[in-house]
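Input: a single structure, listed below in structure tokens.
Since we're looking at a predicted model, the values are computed, not measured.
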Amino acid sequence: MIRTPLPITAYALASSLGPRTDDALRALKGSRRGLRAPPVDVPFETVTGTVPFALPELPDELKMHDSRTARLAFFGIEPMRAPVEAAVRRYGAERVALVLGTSTGGIDRTEDAHHRWWEAGQGAAPLPADYRYHEQHTFHSVVDLLGAHLGLRGPAYVVSTACSSSAKVFASARRLIELDVVDAALVGGVDALCHTTVRGFHGLGVMASEPCRPFGANRPGMNVGEAAAYLLLERRGEARAFFRGAGESSDAYHMSSPQPEGLGAQAAMRVALAEAGIDASEVDHVNAHGTGTRHNDSAEATALRALFAKEVPVVSTKAFTGHTLGACGGTEAILSLLCLEHGLVPAALGSNPADEGIDLTLPESVREQRLRYVISNAFAFGGNNCSLLFEAA
């Protein structure tokens, strides 16, 4: 079934590349990574996509939701306030949905509370008085925060499917619009770094101590990151780009490893193409999931070669931002839209020389070229895959 294109009328990104979307564009054009020391102390060497700016405190009326994720979410939403307020005036607050992805929520607040409880004598001491599990730790806390801040009264919920979370929100929002539940949806994702993510991925043995090299020979692993990414989808409006297709699949091959032939990834991309009503030969660029780990990159490369001609340029922008986990679908959607709007394909940082088993075109430098269609991939633990297809306005 070919779906009606949905206008993307606004978007904003705060990431390790800088506080605003223009910073990300400059980084893509200048082939500049946003990798630096993690914001938490860990007993091993690593670099992460840590935001290079201070996160302001929440206003008093929202402090009940305080966490690093909440502060990043609040900081990142500022450029979207005007377009969201315009959508509320146009459709009504009940007709604007809020659908976000996250994989951490405010878990850093629980880490801090547990540390202070332990230091105070464990069972002999209560949890810190300023710790509020339901308002701070939970996934829905960021939706509660932004809904209250923006005055939205439409459907509001979180999608949490690990690294595909903020890609799948596009499909969720489109269903709400197609079912005439809403006329617009604010989508995206927010994740912030904490001990659980930095130590957790190190514990899995996939964290690199140096910048990642997606698809590259002898790649050392991944870098985790953090970001707040937001996009406004509307039933009608002046489009900066169009959302054309979303392919979702679940291969359930393994808890954390991808299906080796990339069959779930292939299925997701095929559905996205079918929903847009275009052939694989029409795709001009692929923003790959490309984590920089050996198995993930090999499986995705196999899936890409099964669908696309070798000449299609493939880039993983995780080499710029790190892997922003539950925010990566939204983050990389915005980076894809920047490529569409500004006619560029970024350099595939660290990808050359490529692994000898990977047969893809991985640009060594920035390309300036007109793009019409871009696919952005987000593949998660458990084989929970999502591919998004965007068209230039």
Quick check: closest heavy atoms across His134 and Ser141, and the distance to 0.1 Å?
O-CB, 4.5 Å
CZ on Arg270 to CG on Leu263, rounded to 0.5 Å:
9.5 Å
Salt bridge flag under 4.0 Å for residues Asp108 and Arg68
no
Using only atom types and a distance under 3.5 Å, with no angle test, would you say the side chain of Ser166 pairs donor to acceptor with the backbone of Gly188?
no
Give a yes or no answer on whether the side chain of Arg235 reaches the backbone of Val182 with a donor-acceptor pair at less than 3.5 Å.
yes
Close side-chain approach of Asn218 and Arg213, heavy atoms under 4.5 Å
yes
Kindly say whether Ala246 contributes a backbone atom to a donor-acceptor pair with the side chain of Glu275 at under 3.5 angstrom?
yes
Between Arg109 (side chain only) and Asp130 (backbone N and O only), is there a donor and an acceptor less than 3.5 Å apart?
yes
Verdict with supporting geometry, Leu186 and Leu150, side-chain contact (heavy atoms from CB on, under 4.5 Å)
CA-CA 11 Å; Leu186 177 63; Leu150 297 170; 3.7 Å; yes
Hey, are Asp191 and Thr324 close enough side-chain-wise for a donor-acceptor pair under 3.5 Å?
no
Please determine whether the number of non-hydrogen atoms from other residues, nucleotides or ligands lying under 6.0 Å from atom CD of Glu61 exceeds 12.
yes
How many angstroms lie between CG in Asn385 and OG in Ser249, if you round to the nearest 0.5 Å?
3.5 Å
Is there a path of hydrophobic side-chain contacts, each under 4.5 Å between heavy atoms of I, L, V, M, F, W or Y residues, that connects Val286 with Leu340?
no
Looking at every heavy atom in both Ser387 and Ala272, which two are closest together, and how far apart are they?
O-CB, 3.6 Å
Side-chain donor-acceptor contact under 3.5 Å, Thr69 with Ser67
no
Got a second to check how far Tyr133's OH is from Leu127's CG, nearest 0.5 Å?
12.0 Å
Stepwise, does the side-chain contact (heavy atoms from CB on, under 4.5 Å) test hold for Arg294 with Asp355?
CA-CA 9 Å; Arg294 183 152 300 279; Asp355 188 310; 3.0 Å; yes
Just by distance, do the side chain of Arg153 and the backbone of Ala93 share a donor-acceptor pair under 3.5 Å?
no
Shared hydrophobic cluster, Tyr230 / Val51 (ILVMFWY, side-chain heavy atoms < 4.5 Å):
yes
Looking only at heavy atoms, which two atoms of Pro214 and Ser351 are closest? And how far apart?
O-OG, 2.5 Å
So if you build clusters from Ile, Leu, Val, Met, Phe, Trp, Tyr with side-chain heavy-atom gaps below 4.5 Å, do Val96 and Val158 land together?
yes
Side-chain heavy atoms of Arg26 within contact of Asp23, under 4.5 Å
yes
For Gly343, does its backbone N or O pair with a side-chain atom of Arg370 as donor and acceptor, under 3.5 Å?
no
Candidate list His115, Arg116, His114, test side chain to side chain donor-acceptor pair (under 3.5 Å), partner Asp112, passing option
Arg116
Could you check whether any side-chain heavy atom of Thr102 comes within less than 4.5 Å of a side-chain heavy atom of Leu100, counting everything from C-beta outward?
no
Going hydrophobic residue to hydrophobic residue with side-chain gaps under 4.5 angstrom, can you get from Leu35 over to Met207?
no
Once salt bridge (Lys or Arg N to Asp or Glu O under 4.0 Å) is applied, do any residues pair with Asp66, and if so which ones, sequence neighbours excluded?
Arg71
Heavy-atom nearest pair, Pro7 first then Glu234, reads CD-O, 2.9 Å
If you apply the rule side-chain contact (heavy atoms from CB on, under 4.5 Å), what do you find for Thr9 with Glu238, and how did you get there?
CA-CA 6 Å; Thr9 57; Glu238 186 174 346; 5.6 Å; no
For the CD1 atom of Ile278 and the CZ atom of Arg244, what is their distance to the nearest 0.5 Å?
7.0 Å
Decide yes or no for Phe390 and Phe243: does some side-chain heavy atom of the first lie under 4.5 Å from some side-chain heavy atom of the second?
yes
So do the side chains of Asp284 and Arg372 get within less than 4.5 Å of each other, counting heavy atoms only?
yes
Would you compute the distance between atom CG of Leu273 and atom CD1 of Ile375 and round it to the nearest 0.5 angstrom?
4.0 Å
N/O donor-acceptor pair under 3.5 Å between Arg174 side chain and Leu233 backbone
no
Arg305 side chain reached by Lys310 side chain, heavy atoms, under 4.5 Å:
yes
Taking the side chain as every heavy atom from C-beta outward, state whether Val314 and Thr361 have any pair of such atoms under 4.5 Å apart.
no
List for me each residue that meets salt bridge (Lys or Arg N to Asp or Glu O under 4.0 Å) alongside Glu364, sequence neighbours excluded, and say none if there are none.
none
Mark yes or no for whether Thr302, through its side chain, and Ser298, through its backbone, hold a donor-acceptor pair below 3.5 Å.
yes
Is it the case that the side chain of Lys318 and the backbone of His289 share a donor-acceptor pair, with hydrogens and angles ignored and the cut-off at 3.5 Å?
yes
Any chance you could measure Arg32, atom CZ, to Ser16, atom OG, to the nearest 0.5 Å?
8.5 Å
Do Leu6 and Phe242 share a hydrophobic cluster, counting only Ile, Leu, Val, Met, Phe, Trp and Tyr and linking them when any side-chain heavy atoms are less than 4.5 Å apart?
no
Check whether more than 12 heavy atoms from other residues, nucleotides or ligands sit under 6.0 Å from atom NE2 of His295, and answer yes or no.
no
Near Glu45 CD, under 6.0 Å, is it more than 12 heavy atoms from other residues, nucleotides or ligands?
no
Heavy-atom distance under 4.5 Å between the side chains of Leu28 and Thr317, does that happen here?
yes
Pair Glu248 + Arg175, salt bridge at N-O below 4.0 Å
yes
Between Ala70 and Leu58 the two heavy atoms that sit nearest each other are O-CD2, 3.9 Å
Got a salt bridge between Arg95 and Asp180, using NZ or NE/NH1/NH2 to carboxylate O under 4.0 Å?
yes
Quick one: side chain to side chain contact (heavy atoms under 4.5 Å, CB included) partners of Thr196, sequence neighbours excluded?
Ile107, Glu111, Cys194
Regarding Arg20 and the six-membered ring of Phe75, is the cationic atom NZ or CZ under 6.0 Å from the ring centre and inside 45° of its axis?
yes
Side-chain donor or acceptor of Arg240 paired with backbone N/O of Ala393 under 3.5 Å:
no
Could you label the plane-to-plane angle of the His202 and Phe44 rings as parallel, tilted or perpendicular, counting under 30° as parallel and over 60° as perpendicular?
parallel
Could you tell me which non-hydrogen atom of Leu338 sits nearest to which non-hydrogen atom of Leu25, and how far apart they are?
CD1-N, 3.9 Å
Kindly determine whether Ile177 and Asp183 satisfy side-chain contact (heavy atoms from CB on, under 4.5 Å), including the steps that lead there.
CA-CA 6 Å; Ile177 293 173; Asp183 296 299; over 6 Å; no
